[in-house]
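See below for the structure under consideration.
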Amino acid sequence: MTDFAQAQRNQIDAFRAAHPAGDAARATVARVIVPTDGATPEQERKYREYAEGRNPRTEQVHGRNTIIAKDVLGSLDEIVEFIRTDIAFQAADDYLFELPFEFELADWKQILHQLATRIGPALGWTPANARAGA
């Protein structure tokens, strides 16, 4: 099986089936998320080249049964749509958005700003200080 979302969903379902807490057992899904909104043209080119360069590793099974997720790159709308329709994300309680190690501080700031101010809120996330009424 090379469909990452289906394989991850199967793992979440198996984990919960075996866990004493059952469906109440928390599961987290992690992906490299690279929003292009708010990026400079140079950053966007860099981001696309980065993701395209990593795609070949996602197109094969490594070892006996390891598959790797593609990076999620695109606009706010594209990323939110991906997350809302991905069957592994649908089963998860928490999302872990990973930053590309190879990027620089300005890139990470741009990505984190989009995650915190646009993507997270579009998915229903509220900052802790906003929840506390601060």
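Numbering starts at 1 and runs along the sequence shown. Treat the numbers as computed from the prediction; the structure is a model and nothing was measured.
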Residue pair [X] / [Y]: nearest heavy atoms and the distance that separates them:
| X | Y | answer |
| --- | --- | --- |
| Ile79 | Pro35 | CD1-CA, 3.5 Å |
| Tyr47 | Ala39 | CE1-CB, 3.9 Å |
| Ala51 | Leu73 | CB-CD1, 4.2 Å |
| Trp125 | Ala116 | CZ3-O, 3.2 Å |
| Phe15 | Ala25 | CE2-CB, 3.6 Å |
| Ile12 | Ala88 | CD1-O, 3.8 Å |

So do [Y] and [X] actually touch side chain to side chain, heavy atoms under 4.5 Å?
| X | Y | value |
| --- | --- | --- |
| Val34 | Val72 | no |
| Arg48 | Thr36 | yes |
| Asp71 | Pro100 | no |
| Val32 | Arg54 | yes |

Does Lys70 have any side-chain contact (heavy atoms from CB on, under 4.5 Å) partners at least two apart in sequence or in another chain, and if so, which?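 side-chain contact (heavy atoms from CB on, under 4.5 Å) list for Lys70, sorted by chain: Asn55, Thr58, Glu59.
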Between atom [atom1] of [X] and atom [atom2] of [Y], what is the distance when rounded to the nearest 0.5 Å?
| X | Y | atom1 | atom2 | answer |
| --- | --- | --- | --- | --- |
| Glu104 | Lys109 | CD | NZ | 12.5 Å |
| Ile83 | Phe89 | CD1 | CZ | 4.5 Å |
| Gln110 | Leu105 | CD | CG | 12.0 Å |

**Message:** Once side chain to side chain donor-acceptor pair (under 3.5 Å) is applied, what residue pairs with a partner in residues 88-99 remain, sequence neighbours excluded?
**Reply:**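 Matches after skipping sequence neighbours: Arg16-Asp93, Arg26-Asp94.
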Worked verdict on Phe103 versus Ile111 for side-chain contact (heavy atoms from CB on, under 4.5 Å):
CA-CA 10 Å; Phe103 287 6; Ile111 292 168; 3.9 Å; yes
Residues Ile33, Phe82; criterion side-chain contact (heavy atoms from CB on, under 4.5 Å); working and verdict:
CA-CA 11 Å; Ile33 303 287; Phe82 174 87; 5.6 Å; no
Check: Are Val29 and Leu99 co-members of a hydrophobic cluster defined by side-chain heavy atoms under 4.5 Å apart?
Finding: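 Same cluster: Leu99 reaches Val29 through Ile, Leu, Val, Met, Phe, Trp or Tyr contacts under 4.5 Å.
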* **Electrostatic pair Glu49:Arg45 at N-O distance under 4.0 angstrom** =>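 Salt bridge present between Glu49 and Arg45.
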| field | Summary of salt bridge (Lys or Arg N to Asp or Glu O under 4.0 Å) pairs that have at least one residue in residues 76-92, sequence neighbours excluded | value |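 Found Arg31-Asp86.
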Please answer whether the main-chain N or O of Pro41 pairs with a side-chain N or O of Glu44 as donor and acceptor at a distance below 3.5 Å.
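Checking the backbone N and O of Pro41 against the side chain of Glu44, no donor-acceptor pair under 3.5 Å is found.
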- Item | Check: Leu76 main-chain N/O paired with Asp37 side-chain donor or acceptor under 3.5 Å |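 Such a contact is found between Asp37 side chain and Leu76 backbone.
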| request: Let me see the working for Ile68 and Gln60 under side-chain contact (heavy atoms from CB on, under 4.5 Å), right down to the final yes or no. | output: CA-CA 8 Å; Ile68 299 171; Gln60 61 185 339; over 6 Å; no
| query | Just by distance, with hydrogens left out, do Asp107 and Gln43 show a side-chain donor and acceptor under 3.5 Å apart? | reply |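 Note: Asp107 and Gln43 side chains meet the donor-acceptor criterion.
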